[in-house]
Amino acid sequence: MSLYSPSIEKLIESFERLPSIGHKTAVRLAFYMLNASKTETDEFIKSIENAKKNLKLCSQCYNISDTDPCEICGNAKRDHTQICVVEDVKNVIAIEKIHEYKGVYHVLHGSISPMDGVGPDDIKIKELLARLMDGKVKEVILATNPRVEGEATAIYISKLIKPMNIKVTRLAHGLPVGGDLEYTDEFTLSKAFEGRTEL
């Protein structure tokens, strides 16, 4: 028998579905929302609805944005001859924080992982290759996470790009193996960019 009423239990279960939220945190969040004013809860609900309604994928880089193209792709001051390939949107934010990279991005929305049933056709690799066809891109920086899946994805993409005579580089391995870009400190990430190697 549950300690909570069915409505509270349902709210706790909803919070538990969020990544990295355990039962205790879900209970805290549920009771925080229950104790919040109607104005606060209405604003919270509206912000989620607005984000779901207004955000879209940039048709060029597949970053999440309010506009298409996104602010980065639409910025003429960015170096459009250089594309940094990342696994997800959070990686774009992590790299932008170092204020050193001036090129554009391509968000794969995942990495190749046969164990999880994710193959090359399940992420935005075809779309990346299509962007390279006009001959304007001079360098592709593979900034996939330094895990087995990220490495496999980087190697797979580099083999596809090599015949196009485009320089392919990989971030230096000052990044911890098994880590995620979004949790890497800005100094380490900056040094990884400086020390990137050609594949």
- State whether the side chain of Lys102 and the backbone N or O of His99 hold a donor-acceptor pair below 3.5 Å, judged by distance alone. yes

- Message: Applying a strict under-4.5 Å side-chain criterion to I, L, V, M, F, W and Y, I'd like to know whether Ile21 and Leu34 cluster together.
- Response: yes

- Message: So does Glu127 get a backbone contact from the side chain of His106, meaning a donor-acceptor N/O pair under 3.5 Å?
- Response: no

- Please collect all salt bridge (Lys or Arg N to Asp or Glu O under 4.0 Å) contacts where either partner lies in residues 128-142, sequence neighbours excluded, each pair once. Glu139-Arg196

- Message: Per the side-chain hydrogen bond (donor to acceptor under 3.5 Å, both in side chains) rule, what does the pair list look like for residues 47-56, sequence neighbours excluded?
- Response: none

- Query: What residue pairs, at least two apart or across chains, pass salt bridge (Lys or Arg N to Asp or Glu O under 4.0 Å) with a residue in residues 60-80?
  - Reply: Arg78-Glu96

- Task: State plainly whether one hydrophobic cluster holds both Ile45 and Leu11, where clusters connect Ile, Leu, Val, Met, Phe, Trp and Tyr through side-chain heavy atoms under 4.5 angstrom apart.
- Result: no

- When Val85, Val140, Val137 are each screened for side chain to side chain contact (heavy atoms under 4.5 Å, CB included) with Ile161, the one that passes is Val140

- Message: Looking at Gly22, is its backbone amide N or carbonyl O close enough to the side chain of Thr25 to form a donor-acceptor pair, meaning the two atoms are under 3.5 Å apart?
- Response: no

- Is there a chain of hydrophobic side chains (I, L, V, M, F, W, Y, each step under 4.5 Å between heavy atoms) that links Val86 to Leu55? yes

- Note on the structure: Paired with Met164, the side chain to side chain contact (heavy atoms under 4.5 Å, CB included) test is passed by just one of Ile166, Leu160, Val168, namely Ile166

- By side chain to side chain contact (heavy atoms under 4.5 Å, CB included), which residues pair with Tyr32, not counting sequence neighbours? Glu40

- Query: Given side chains that start at C-beta, do those of Leu142 and Ser158 come closer than 4.5 Å, heavy atoms only?
  - Reply: yes

- Message: With a 3.5 Å distance limit and no angle check, can you tell me whether His109 reaches the backbone of Val89 through a side-chain donor-acceptor pair?
- Response: no

- side chain to side chain donor-acceptor pair (under 3.5 Å) partners for His23, two or more places apart: Glu16

- Could you tell me whether the side chain of Thr153 and the main chain of Ile112 form a donor-acceptor pair under 3.5 Å? yes

- Task: Could I get the full list of ring pair (Phe, Tyr, Trp, His ring centres under 6.0 Å) partners for Tyr101, not counting sequence neighbours?
- Result: Tyr105, Phe193

- So, Asp122 side chain and Gly119 main chain: donor-acceptor pair closer than 3.5 Å or not? yes

- Kindly give the heavy-atom pair with the smallest separation between Ile95 and Ile98, and that separation in Å. O-CG1, 2.9 Å

- Hey, what's the ring geometry for Tyr4 with Phe31, parallel, tilted or perpendicular (30° and 60° as the breaks)? tilted

